[in-house]
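Here is the structure we will look at, set down as C-alpha cells.
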Amino acid sequence: MLIVGELINTSRKAISESVDNGDAQYIKKIAIEQVEAGADYLDVNCGTKVFREKETMEWLINTIQEVVQVPLCIDSPNSEVLEAGLALCKYGQPMINSITDEKERFQKVIPLVSKYKAKIIALCMDDTGIPETADGRMRILKSLYVNLQASGVPDYDMYVDPLVMPISSVETAGMEVLDTIKAIKTEYPNVHFMCGLSNVSYGLPNRKTLNRLFVVQTMTLGMDGYILNPTDRGMMGTIFATQALMGQDSYCMRYLSAHRTGLYEEQQKS
Ligand code: THG
C-alpha cells in the first residue's frame, strides 16, 4: 500500500496563505505531520498559483526537503513545472502526477519519466475528456498503456488512476471505479493503482464515512495506492484493518503496531 499525503495543495486555504506569506514553518509542520502519520510520499500541488506555479513548486519542494526525507509526488498538468520540481527531488524515486493520453501532454511529460526514472500516475482520460463508464476508461487505458510501454515505462512504475467522481452528480460514479479496477486487474495485472478519495463524497454529508467505506470497497478489488489525508486517523485505521482482514498483514503485526502507537482513533467504548 502506497500512501501519498495530499495536504500540501494550494487549493487548501491555509497552504495558499502560507505560500503567499512565505511562511515556511507552516509548510514544514504539515510535511512532518503527514510523514509521522504514515505517508510514504508527499504530493505537492500549487496549481492555483497559475502565474508563479514553477517558482512556488521550487520553494515548496526545497522547504519540505529541509525537514523530511520522503520522495515527492509532483502534481501539475504543466510539464515545465513538473521538470522544475523533479530536478530538485533529493530523496528516493520521485512520482509524476500525472500523465494522460492527451496527445500534447503525453509528448511533453513522457521524456521526464525516463530522465528522472520516475513513477508515473496515468489518468484514464484523453483529448475527449473523462469517460463516464468503465468501458470508456478501459478504452483510453489500452491506448495509454501501449504508449507508456512503447516509451519504456515498466509496469511496476505505472500507477493507473481510474478517476473518482462525485456520486452526488453521477450516482454510478463509485460503481464505475470498482468496475474499472476489476478490468485493470484482469488485463494489466502488474500495474499499480493510485486515486484520490475525497471526490467520491463531494456535495454530501458525512463525507468521512463515505470516504472510508470507499477505501474498503476499492482495496478489496486491488487498489494499492491512495492520495489522502494521512493525519485522518480513522481513515488510516480503516486501511490497516482492511489489510489485516484481507490477509495482507502477517500476524496482524501492522494492525497491532498501528494500534499501539495510536495511529488510528479508538472506537467509542460501549
Ligand atoms: N488523482 C490524482 N491527483 C490528485 C487527485 C486525484 N491530486 C489532487 C487531488 N485529487 C487530491 N488532493 C487533494 C488535496 C486536498 C483536498 C482534497 C484532495 C482537500 N479537500 C477539502 C475537502 O475535500 O473537503 C477541501 C479543501 C480545504 O481543506 O480547504 O483538502 O484524484 N492523481
Side-chain angles (χ1 to χ4, degrees), residues 2-20 26-27 30-31 33-34 37 39-49 53 56-57 60 64 71-78 81-82 85 94-102 105-106 109 113 118-126 129-130 137 140-141 144 148 157-170 173-174 176-177 180-181 184 191-212 214-215 218 223-232 234-235:
L2 201 70
I3 301 292
V4 180
E6 73 181 6
L7 294 180
I8 301 180
N9 188 318
T10 56
S11 71
R12 301 180 64 240
K13 196 158 165 258
I15 298 291
S16 176
E17 285 175 3
S18 64
V19 164
D20 293 345
Y26 182 74
I27 301 294
I30 299 298
E33 279 176 10
Q34 292 188 93
D40 302 300
Y41 273 71
L42 295 185
D43 191 76
V44 189
N45 180 318
C46 48
T48 63
K49 307 292 175 190
E53 189 183 354
T56 307
M57 181 60 82
L60 282 170
I64 293 164
L72 302 177
C73 176
I74 315 298
D75 191 351
S76 172
N78 181 325
V81 175
L82 289 173
M95 182 178 279
I96 295 173
N97 187 7
S98 50
I99 200 164
T100 67
D101 212 29
E102 294 162 293
R105 182 158 167 189
F106 187 90
V109 174
V113 185
K119 295 178 189 290
I120 176 96
I121 300 179
L123 309 185
C124 294
M125 63 182 284
D126 65 9
I130 304 173
R137 288 171 198 194
I140 291 175
L141 184 57
L144 191 46
L148 285 167
D157 279 339
M158 291 183 205
Y159 286 71
V160 178
D161 186 335
L163 289 170
V164 175
M165 309 300 275
I167 53 169
S168 58
S169 54
V170 179
E176 295 299 345
V177 168
T180 307
I181 299 170
I184 294 172
V191 304
H192 292 290
F193 292 88
M194 181 63 59
C195 73
L197 280 171
S198 50
N199 249 353
V200 83
S201 60
Y202 183 80
L204 292 169
N206 294 327
R207 293 187 63 179
K208 281 191 168 173
T209 301
L210 288 163
N211 294 349
R212 284 178 201 178
F214 198 52
V215 152
T218 51
M223 178 67 73
D224 63 356
Y226 295 97
I227 305 180
L228 50 72
N229 173 4
T231 69
D232 177 346
M235 175 59 88

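Atoms within each ligand, like the ligands themselves, are counted from 1 in listed order. The figures here come from the full heavy-atom set of this structure, side chains too, leaving out hydrogens, waters and symmetry mates. These numbers come from a predicted model, not from an experiment.
The salt bridge (charged side-chain N to carboxylate O under 4.0 Å, His left out) pairs that include a residue from residues 40-49 are Asp20-Lys49, where partners are two or more places apart or lie in different chains.
Take Tyr159 and apply the ring-ring contact (aromatic ring centres under 6.0 Å, His included) test, not counting sequence neighbours, and it matches His192. Glu53 pairs by the salt bridge (charged side-chain N to carboxylate O under 4.0 Å, His left out) definition with nothing, not counting sequence neighbours.
Sorted by chain then number, the residues whose non-hydrogen atoms approach ligand 1 to under 4.0 Å are Glu6, Asn9, Arg12, Asp75, Asn97, Ile121, Leu123, Asp161, Gly196, Ser198, Arg207, Ile227.
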- For the pair Asp101 and Leu123, evaluate side-chain contact (heavy atoms from CB on, under 4.5 Å) and give the outcome as yes or no after the intermediate values. CA-CA 8 Å; Asp101 212 29; Leu123 309 185; over 6 Å; no
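In summary, the side chains of Thr218 and Tyr226 do present a donor paired with an acceptor at a separation below 3.5 Å, with no hydrogens or angles considered. With 3.5 Å as the limit, one finds no donor-acceptor pair spanning the side chains of Arg12 and Ser18.
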